Structure formats: structure tokens, C-alpha cells
Amino acid sequence: MKSFAKKLNTPWVIVLCNFVIAALVHAILIAEFAVSLGLMVAVVIVMLALDRYGIIHALFEAYTAQKKTAIISGIFLVIAIPISLTNNNYIGHIATMAVIYSIACLGLNFQMGSTDMTNFAPAAFMGIGAYSVAICTTMFNTSPWVGMLLGMVVAGAFGFIIGLPTLKTKGYYLSLVTMAVQIAFTQLIYNLPAIGGANGISGVPKYALFGLDLYKKYTIAGIKFAPQIPYLLLCIAFLILATFVAMRVYHSRTGLSLNAIAQDEIAANCLGVHVPRQKLFAFVIGGVFCGLAGSLFVGLDSYAGPGSYNFSKSLMLICMVILGGMDNSIGIIVGAFLLTIISEKLRDFADFQQLVYGLILVIMLIVRPNGIIPKRVRNYCGVSCRRPMCAAKAADVVEESSTGA
Amino acid sequence: MEMFSSLLVSAILMGCTYTLVAIGYCLFFGVLDVVVFCCGDIAIFGGFSIIGAYTILYSAGVLQAVPAFVAVLIMLTIAAILCAALGLIAYQFSIKPFEKSSTLMPLLSTIALGVVIKEVLGLVFQPVVNSIAAVVTSVDDPLSVVGGRNPQAMPNLIAGSGSTDERNLIIIAVTLAILIALFLFLNKTKIGLSMQAISQNKELALMTGVNVKRTITATFIIGGILLAVGGFLLSSYQTIIRFDGGAMYGSKGFSAAVVGGLKNTWGAVIGGMLLGFVEVFTAGYIPGGTQYQNIIAFLVVILFIVFRPEGIIGEKSIEKV
Amino acid sequence: MKTPRWIAFIMTLMMVAAMFAGCAKQPVAETPTAPAVEATTTEATAVPEEVGYTGPEVVTLGFLSPITGPNAAEGAAARNAFQMAIDQANASGEFPYEIKTIIIDDQSDASVGVAGAQKIVADSTVVVATGHWNSGVAEATIPVFKDNEIPLLIWGAIRQSLTSPDNYPWITRSAPTAVQENEPLAKAVLDDMGYSKVFIVSDVTSYGEGNVSAFSAELTARNLVPMGIENVQEGAVDFRAIISKIKDTGADCVYWGGVVTEGSILKQQMHEEGVEALFCGISGNYSADFLKISAEAAEGALIVKPGVVLASTEAGTKFVDDYTAAGFAEPVGAYTPYAYEAALILLAALKTCGSDITPETMRDAIKDGTFTGIMGTTTFNEFGQTTLVAAYLNVVQDGQWVVYDNSEYVTGARAFAGK
């Protein structure tokens, strides 16, 4: 096993792996209903099988070791996928939705995954971001970017306010607080005619960058592109940024203290972790991420309505995090993609959609509570150490200790 | 004054229905230390099973043959058995596997189970009940049950053709009777006492020879009966039952339990009543207040959680390492 | 380590190029211009029976409605009617091409509706779409259709602002607006029957909001003030507090602006609490589901319904017969004829276009056309709103919907509550 894991540690494997992932994503997006679902199931099964033999872990190690190659080839492919969708509006729309949900899930993960604090209100945070953009642009005629910034700030502040009770409460009480906040948020939006009430706000302007519309049909080199493609690229850029931040936080001291709180709050407190500060941090940064996702969402639909940010949306986001794997950024993105595409491909069976969510949650929790790609054992050499050898050595140490035991 | 009295009646009735589900939460939490979040859905399931039992028994001609009082009892028994069974299923599949893991897991799994119960009710209720009724009866056209996703009209089982006042009185009386029975059960029977013992100190209860396994089973049976009656009273009061009503009913019941103090069964009564009063009077006395009644109810709950998390008559708990 | 990294880099580039090459082929075939040329060449030889026909072989119509979710009954019935009209057209052999449909379920949810609209506009054979029962969803999908220049004919959403100079000519509507629907109801209830103490209850949806503002405007025009306005959440089951309020204010008429689910519960509980007031409501309540509450409780509910009495016209009778004969699970709802009518309008517009069927020609054919369907003759005004406005009242009598003019309430054999 050890030698095989080492064999993976070459740039070739990384590039090939990236390419396979990109091709799979492309195929799952484009394929027809049954083929796509079959592919998704196959992917999950293969991933679970690989994980059983530790290959996923080895791949992660290899990626960490070959960071530059992985990033360069990854970025190329990430740009290539949207471009390869060309003028397919619908697929572009789904892909953008998946990317946006991924960002929101990364935000939710700070609370749910890292700190083990339930948050049943991620959709409310998204709604704040969306409504900020909608209100700023339609009522004050500002640029949507201002709305986005404001949305992130307000969502962060909202996170702070929701975070305050968490200092005193936890477990069930916290879940009830966030649940109540989510329900109250939706009903409040419904009942505020000033911001559109049940009608919502429609006709929200799209984002533009340097005078270049980001949601517009472009024809480049004779190939027509769907209007979603430039927007998808923008969202992917934000997703990369969000993933980067999330991974940085995870590997930092803060991420470690969040995990410590999740393990045992009192012990963490004794060890000098500033529990209130860290908990608030998790809520604020999670809120900012969800706010960002919401403000991107409104740019896709040009419409902000109360129905899009209700309790079942929150449940869907939670489901994505659990399906993908708590506290593992890559896993969360996988979960968000899978669930978005599943629910879109199951469109003709909408009566079963909620049932599918419920069953996925129940089955995942019983069979594999850690998700498809579970949380990894922390590797304290990975980030701080620039040399690839160090990570490899650490992997060896882990392996030896596990075989030794 | 007339308005006040009618609002008062509404508030008490709402409080009664909230109380029953809140007590369910308290019982489960006391014994398992776990919030069974699908209590609302189990109660709604109870209401649906009564409609199903009614349809089937009516088409079989059983209900017409016995006095109304007995008929209601038969249906309640069926619903209670089904609810208790569902409670045990919930325990097996969404609570037991997570005994050792963090609190998040059973919470999520019971919520997910609630969603599954809700959706299954919406999808299969009508076809299943109609086909059973068609088998039971020789008549080709069984009593039509409205599609599971539409609201189900609850047959007026209590008080027959009597006035609404009579029905309201019966609802209150049944709730009181159940409370008294529960009080006697918890304090006078061995299983009731062992439930209390586990709730207070699980390790000590184990040491003194309390059969935890049996007590848990008993709790779910008692809880199932409570929830079935709760669902029955709720749907009789509202004259209608919706398959998706469980989430709201459950979260209101949980809120009532928290307001009263999660470990305190009698606090749930006060919590349920408080919530009922807040809701009804907000809707009644504030112009256009109906749309804010849920918001205000949840606001009260949040205030309680932040400022008095131990509930109205709960004791402060100090966490020990 | 240096060399492999460079090799990797080049390899990535090559792979990207390969992916491009692989994917570029599919979309090119899908672009509207290429197949159009192909189609014309093959068509001339392959289809001899239509000499001179040079149009496309397949024409696709998009359709959106809430087939699942809270408004499923209305949306699914509309889908049935629409599909029935298209099937009849295909079977009739009057069209030298196959008419296909894309049926989208918007689940009454705006973001689901938008994704569905994207699915419609992504198909290059789609020339026109019709849709929406929920105004909120329509509001969200209209930009999609406008941006992609696909005409949308709204068959069921009644909010006033959906048809506007901004949206014209891409967006047209064959259904009446909330104002056009509430006006005859207000006239009947307030003027003819002489009710003046009206209590307004509604739900907090786009639909409810539109109705409340329309009916309030009718009240204001008659110098009346509502005794109270209450909005309930969707999914509400307990109206006792509102009923106490209605009793307290002494209102003699309760106006319900929401849809059937909550409407029937409100009527049931009003009956139970013995409220002596007329229950009047809007078309969303005209449904068999309303009658599922007991006959006694439903008695005397007055509902306005748009359109004409179907049984009074030959085409209307035929539609009802066809629909019944097809054996659909969902009964004809208030807007089912409108979905059928919308399908007829699209089919007539297709005929007008002849062989030159594009979204542009369809748009012009719809906005300038005159269509005779099961409801009467439809033309569109300068905002794309139908000029065909008709509505009639229905009342529940012995657990059945009866046209008000034929009911015992007109003859005086029965009287409404609150008189």
C-alpha cells in the first residue's frame, strides 16, 4: 500500500486525476437524466471503494505534495468546463447554482462541521445577501457590487447577532434558536410590503465588471456562449476564493480551536481557547460566505423572493454538507454538486424530492455519518511546510503508527 | 367581552394541543437525553391513522354497529398502537445508532425522519386507505378520502352532532384526564418511577437495577399514545389535518417544552398554555396581527432561551467536567 | 522535479484543447442556423405531401405550471388541458410538422421556475412558451424569456404588473388580471346585494396580496372601509382568532383573497363558529376541493370565476366533454379552460405563421392576432393584456357548484347569510 501511495505522488497522476474529475463533472452535467444519475451513483460507489483502500487519502497527500501542478492544471480545467458548455443555457444555469450552493455550504460548514454547532438558518443568511443586492440596486440604484459587499457585511453582522445566544446555549437550544430565526426570517420577508412582500423584488440588475456585462450572450471565435457562462466563471472564481479561505481557516490555529470546541468545549476553554470569540467567528464568517452566495444567487435569477430562502432550502444545504462530508472543503463541494444536480434531474419527480432528501439524510447518517469524503486526520506538516518531502514523511509516520498498532 | 371569552377558549384549546406534544418531547428528552424532533410528524401521523381507521371501519360497517363512544375508543386505540410503533421505529433507526455521537446527529436524523414520515403520508395515504377500504367493503365506491397532499377533513367524532362548545369541553377534559393519568403513571407505577430515575441520573438508575431497555420501550409507547391523542385532538379542533402540518406543530411543541423547561413534564403544560395564549391574543387584539403570530411566538421562545434557558420552572444545571 | 512539471503543464493544455474539440461538435449541431439549413434541404425531398412547405420538422412549445407543491391541483389540470389541445392538434393532421411540448413543473417556487424556464429557452426548437399560475414565479421567469427572446403567453397568473409596456411584446396574457376579476365580484356583492361591512382575509402570497389590493380599491371607490384586513400564512389551519375578530366587528361579509386550501378551512370554521356573514372569494377557490368540506359548511360560498359559463357554448361543452372523456385524475379547475385557451391561441398563431416559424413571427402573430376559442374572441391590447374579459359568479348549493344566475339564491328560495 505504501509503495502504491508513493507512486501516486507524481505530477502525471495529479493532472490525469484532475482531468478525470473535470470530464466526470462535464459528463454528469450534460448527460440525460438516467445516465447522469447512474454516473453519480457510480462516482459515489467508486469514491467509497477508493476510500476503503486509503487511496483517497493518498491522493490528498499527493495533491498536497504536488500543489503547484495541481493548482495550475486544476485552474485550467475549471475554466475549461464552463467554456465547454458553450450555448447550453440550462446546464449553465444548473452549474452556476451548484457553485453558489457550494459557497453557501462552505459557510455553513464553519458552524456545523468545524464547531459542531447546529445552524438551521443558512438560507436566511443567503436571503440577507440576496435582498441586500436587490434593495441596493432597485431602490437606491447602486451597483450590485455595492449590494454584494453590503450583503456580506450585514450577513456577517446577523451572524454575530445569532452567534450571541450561542455563548449561553448549545445543542438543542441552539438548534431551536436558529430554527426559529429561519422561520421568523421567511415570515418577516413575506410580511414586509416595503421590500416586495410575497411578490419579492424582480428585475434586479446583473453584475458587470469594467463595463463588461457578466450575464450576456457572447460570441467568441464563432462559438456562441450562453449568458450564464461568464457568470459561471465569476462564481467559480468566488468559489475558489472561498475554498482557499476555508482551507486556510481550517489549517490555521482558529480552525484547530474550532475543532477543539467541537470535541469538548470545557476542555478547549481550559486549554486557553477563547470560546466565545471563536464561536462568534464561526458564525460571522459563515454568515459572510452565505451572504456572498445569496448575492450571487440573485445575480443569476434577477429575482429575490421569500420562497427561495425558506426552511426547506436550509435543510437542503444541511443535507449537502452531510452528504459530502463535514469539515472537508472538497467533500462539501462534492456534496453540493451532487445534490443540486440530483434535484434538478429529478425535476419530473418533484413529488419525491423532499422524500429523497429525507432518505439521503437518514441513510447517510446511519451508514456513513462522515459523508462521502470524510474529514481528514490533521496533518501538521502539510501547510506550514513548503517541501513536499515533509508531507510524504508525515504520511509514512501515520502509516507506520497505524500498522504498528 | 364576548371576543375576549372566545379568544380565551381558543387559547386554552391551542394550549391543550401544544401541551400534549410538548409532554411527548419532555418524556423522550428525560429518558434519552435526545430531542426527538419528529414528534410533530408522529402526532400528525396519529391524526391520519384515525381518518384511515374511520374510513376503513366505516366502510366495513363496524362503526355503525357500536355506540359512538366505543367507536372513538377503537379508533384511538388503533392510532395509539400505530403511533407507538412509529415511535419505536424512530428510536431504532434514528436515535439508537447515535447514542455515542454528538447531539447534532440524532437531531438531524429525527428531523430527516420527520420529513420522510411527512412525505410518505402525502404520497401513499390516499391510495392505501382507499384500496384497503375497497377490499374491506363490498361496495364499489369506498368513502372518498381526499388526496394525501390536500388537507383532510376530520370527521366530527367527538360530540357527534353536538355544538362546538361541547367539543371544546371534551378536548379540555381529555387533556386533563391524560395529564392526571400521566401523573399517576409517573409517580405510582414502577416503570413511571424508573423513567423519572433515568431522567434524573442515568448512571445511578443503572446501578440500582433499573431496566433501561424496557423503560425506553415503555417511554416510546406512552409517548406514542400521547402523540396520537394530541394529533386526534388537534385535528378535531382544527376540523382539518394537513400532511405538512407536523413540522410547525412539532416546533411549536418543542418551543413549549423549552419554555417550560425541557426536563420538566409539568413545565410543558405552562409552556404550551403560554404559547397558545401569546399566539391567539396576538392574532386577536393586534390589527393585522395574524401574520405576526408565529413571529411573536418564536420571539418569546428566543427570549426564553437566551435569558432563562432552564425554562419557567426548571432548575439551573451546572455542567460538570 | 522541474521537467515533469513542465510536461504536466503542456499536457494540461493539450487536454483542454482535446476537451474543446470533443465538446465543440455537439453545440454546433444545436445552433439554430445550422439545422435550419439542413432541414430545408431534406424537407423538400422527404416530405412530399406538403409541397412548398419549407419550415421546421419539429416545433416545440414550452409550458410551465405548478404540477406539484401547494397549487398542484390547479397546475396539473392545466397541464392536462394544454397537452390535450396539442395532442388533438397533432392528431388532426392540420400541421405539416410535429408539435412537441416541454412541460415544466415550477412547484410554485420562483427559483425552480427560473431553472425550468432556462430549460425551455435552451431548446433551439422552442418557438413560444405559455405558463404560470403563480404571479411570483411569472415575475421571476419573465426576464429569462425576454432576454432569450422567446414569447411567453401567461395563462393563469393574475397580478396586474405582469403585462406592461416594459414586457410588451414578448409577454402577453390571455387571463384576466386581479383587477378585472375583482371588479364583477365587488359589483355583485357591494352594489347588487348591498353588503357594506366587509372583512378581508387573505394569505400572504403574491396572489393574495394582489387580490386584497384590488378589492380594497373597489371598496375605496365606493367610500367603504374594510372592517379589518388579516393575512394568514400559507399552511394556516387555525382561523379561530380571526373569526372572533370578525364576530366582534359585526361584519356581514367576509372576503377571502387566497386559494382553496385555506379558503375551505376558513369557511368550515366560520360555519362551525356560527358566523352570520356571506363568504365570498376569488377564482382560486373554485375547485372541487372546496366541496370536500361538508356540504352544510360549504353552503352559500360565493366565488367569482373568470371566463364564460362553459356549458353555454358549443366549444366549451366540447372541451368539458373531451376533458372528462380523457379521464384525468384532476377535475377541471377555474383556470383549466384558460390553459386550453392558451394552447388554442398558440396553435392558431402557428397556423398564421405558416412555414416561417420563429419566435419573432410567433410573437407578432400572437400580439396582432384575433383568436376565437372556447371563451370567446381574444385580442391583445397595447400592453399584451387580453381584451376578452368575462367573469361569472358561482355559488355552493347542496354541496355542488352552481352558476349563481341559475341558483336558488337568485330566485329567492334561499338567502345568503348576513342579510
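Since this is a predicted model, take the numbers as computed values, not measurements. In what follows, chains are A, B, ... by sequence order, proteins preceding strands, each numbered from 1.
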Between CD of C:Q118 and CD of A:Q228, what distance do you get to the nearest 0.5 Å?
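The CD atom of A:Q228 is 4.0 Å from CD of C:Q118, to the nearest 0.5 Å.
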What are the residues of residues 297-310 of chain A, in order of number, with any heavy atom under 4.5 angstrom from a heavy atom of chain C?
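Expected list: A:F297, A:D301, A:Y303, A:G307, A:S308.
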What is the minimum heavy-atom distance between C:Q233 and A:Y190, and which atoms define it?
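For C:Q233 and A:Y190, the tightest heavy-atom pair comes out as OE1-CD1, 4.4 Å.
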Write down the atom of C:S111, the atom of A:K313, and the distance for their closest heavy-atom approach.
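Closest approach of C:S111 to A:K313: OG-NZ, 4.2 Å.
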Among C:G136, C:G208, C:A115, who wins on heavy-atom pairs under 4.5 Å with chain A?
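Of the candidates given, the most pairs with chain A belong to C:A115.
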For chain A, which candidate among C:N231, C:V121, C:N148 shows the most heavy-atom pairs at distances under 4.5 Å?
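Result: the option with the highest number of such pairs is C:N148.
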Interface moiety of C:S135 toward chain A, non-hydrogen atoms closer than 4.5 Å:
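Neither; nothing under 4.5 Å.
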Identify which part of C:V144 has an atom lying under 4.5 Å from any heavy atom of chain A, answering side chain, backbone, both or neither.
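Answer is neither: C:V144 stays 4.5 Å or more from chain A.
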